Every structure is written in C-alpha cells, then in structure tokens.
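Being a predicted model, the structure only gives us computed values, none of them experimental.
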Amino acid sequence: METKAEKAKAPSRRTSITDVARVLQVSASTVSRALSDQQDISKATKARVRQVAHAMNYQPNLVAAGLRRGQSKTLGVILPHLSGAFYPTVLHGIEKMASQHGYQVLVCQSHDEVRCEQRRVAALLAAQVEGILIPVSATTLAEVNHLAQVQQAGTGLVFFDRAPADLPGSAAVLLDTYNGAYEAVTHLIKGGSRRIAHFAGPQQVSTSRNCQEGYLAALRDHQLPRGKN
DNA sequence: GCCATTTCACGGCCCCAAAT
DNA sequence: ATTTGGGGCCGTGAAATGGC
C-alpha cells in the first residue's frame, strides 16, 4: 500500500523548493533565500538555483509563504459587476497600488445582491485576505452582519462608491454626489439656465439617491419647481 | 463499527548553529 | 566573515491510532 510519503512524491504534484533543493543537492533554506534574493547567498548559488527553478517550472506557493509569515499579501475586491467604465477603472487603480506594495488582488462579483455578497465575503475571509474593498450591493444597506464579521476578524475593510450608514469604525471613500448635483444645478441656475436646471426629473438625473436629493435640494433652494417626475 | 483523539504532511520562511 | 544546513513553526485536513 502506498504511504503518505510516497503519495507526496506523486509526479502530478507541483514543483516545490524541496524539489529544486534535491536536484541541486542543497537545502531548502538555501533555495528559499536564493529565490528571494537575500544577501547572504553567493551569486553563483543564486544563479544555479534560479536556473534550475526555471527549468523545473517552479512557481512559489503564496499560501505556504503566507502561512509562515502570518500574512497573505492578498487583498479582496468585491464589485457589483464589471460592466461599464467605472468599476473596471477603479479596479485598475486598486491593482496598480496593490502591486506597487507587493500585494495580489482577488476580484469577485456580488451581482448587486446581498446573499451573493455574503458568500463572497466568506470566501475571501477563508482565503485569509488582509483587507476587503467593496462598494456594498444595493440590497446590503440594511443587512451588514457579514461586514461586521470582517471587522471582528481583524481584516481591513474599506468601502468605496457605496457604504452602509450604520457600520461604525469602517473607512469609506465616497463621491459627494449630493453636493455635486447641488453645485451643478446651482451653477446652471446662476448662469441663467433656469429651464434647463429643472427640465429633467430626478430619476433622469441619476440613479443615485444622493444625487437626486442634491438636485431636488438645489431646485428647492432656488425656488424652482421639481422636474418631470 | 463508531467516535474521539493524536499524528503527520504540506511549502516556505525564520533563526540559530556549523562549516569553510 | 561569509555561506549553508537544519529544525521549528504556521493552519488545515487526512490518516492513523486507541478506546468503547
């Protein structure tokens, strides 16, 4: 019967630093240090290790490294969807900054649905991500227990674009859509475009409630009737 | 046979000791 | 002083072991 050690040597297993070390007849420690370019390894050894590792198609196991370090160097991003221009642009910025700081990014979609968002949050916590960036789904605003669990786990949590109102202690990067809409309408009115300013209804202005409220507040403050609907 | 407990393996990093 | 080796550790799950 096959032993555990023999199973571990199955040919389908991916190449580890132990395999590279065995070929080079050095220790796994030496391979690890050579591949991470530490100073206390000779140039000749580094070159040999890299050559053999490349030839054996070695890929570092980030899970194992994170296990020892106690950090995964991975961030999770949960987006409602990947369509349109906004979220892909934000994701590009997140990945760029994460990469600059040595972090990987895991991206999931919530499909703008709280149940799906809960599953994605659980999966990212299980993957030991160090932080989660998320614009909460449209149906999450009244149901934030899964997000509170992220905080309780000591995992970083940053909202962007949309954030729940009743989750103290969380960080958020938000667009000021209320004041943006208010300022835009005020600018039109002061520029003499009173008709243009109240031509549309709030739902034509934006799907964002904040934006709609800013629009309506500006009309009210400048004593204009609200738009079509 | 079933259940609970213990042991082991996984991959890579860190620290200390030993060799040169 | 520099380079390398070896053991321990991390969290999890599978396998082995023991007791009933």
Salt bridge or not for Arg115(A) and Glu143(A), using N-O below 4.0 Å?
yes
Below 3.5 Å, does any donor atom in the side chain of Arg33(A) face an acceptor in the base of dG5(C), or the other way round?
yes
At less than 3.5 Å, do the side-chain atoms of Ser29(A) and the base atoms of dC14(B) form a donor-acceptor pair?
yes
I need the residues from residues 41-52 of chain A with at least one non-hydrogen atom less than 4.0 Å from DNA chain C; give them sorted by number, or say none.
Ile41(A), Ser42(A), Thr45(A)
Work out which heavy atom in [X] is nearest to a heavy atom in [Y]; give both atom names and the distance.
{"X": "Glu130(A)", "Y": "Leu75(A)", "value": "C-CD2, 4.5 Å"}
{"X": "Ser32(A)", "Y": "Ile17(A)", "value": "CB-CD1, 4.0 Å"}
{"X": "Ser110(A)", "Y": "Pro80(A)", "value": "OG-CA, 3.3 Å"}
{"X": "Val49(A)", "Y": "Val20(A)", "value": "O-CG1, 4.3 Å"}
{"X": "Tyr58(A)", "Y": "Thr15(A)", "value": "CD1-O, 3.4 Å"}

Side chain of Ser32(A) - closest among dG5(C), dC13(B), dG11(B)
dC13(B)
Consider the side chain of Ala65(A), meaning its heavy atoms from C-beta on, and name the nucleotide among dC13(B), dT12(C), dG11(B) that approaches it most closely.
dC13(B)
So, is Thr30(A) close to the dT4(C) phosphate, meaning a side-chain N or O under 4.0 Å from OP1 or OP2?
no
Could you give the CD-to-P distance, from Gln128(A) to dG11(B), as a whole number of Å?
19 Å
At 4.0 Å (heavy atoms only), tell me whether Val31(A) reaches a base, stays on the sugar-phosphate, or touches nothing.
nothing
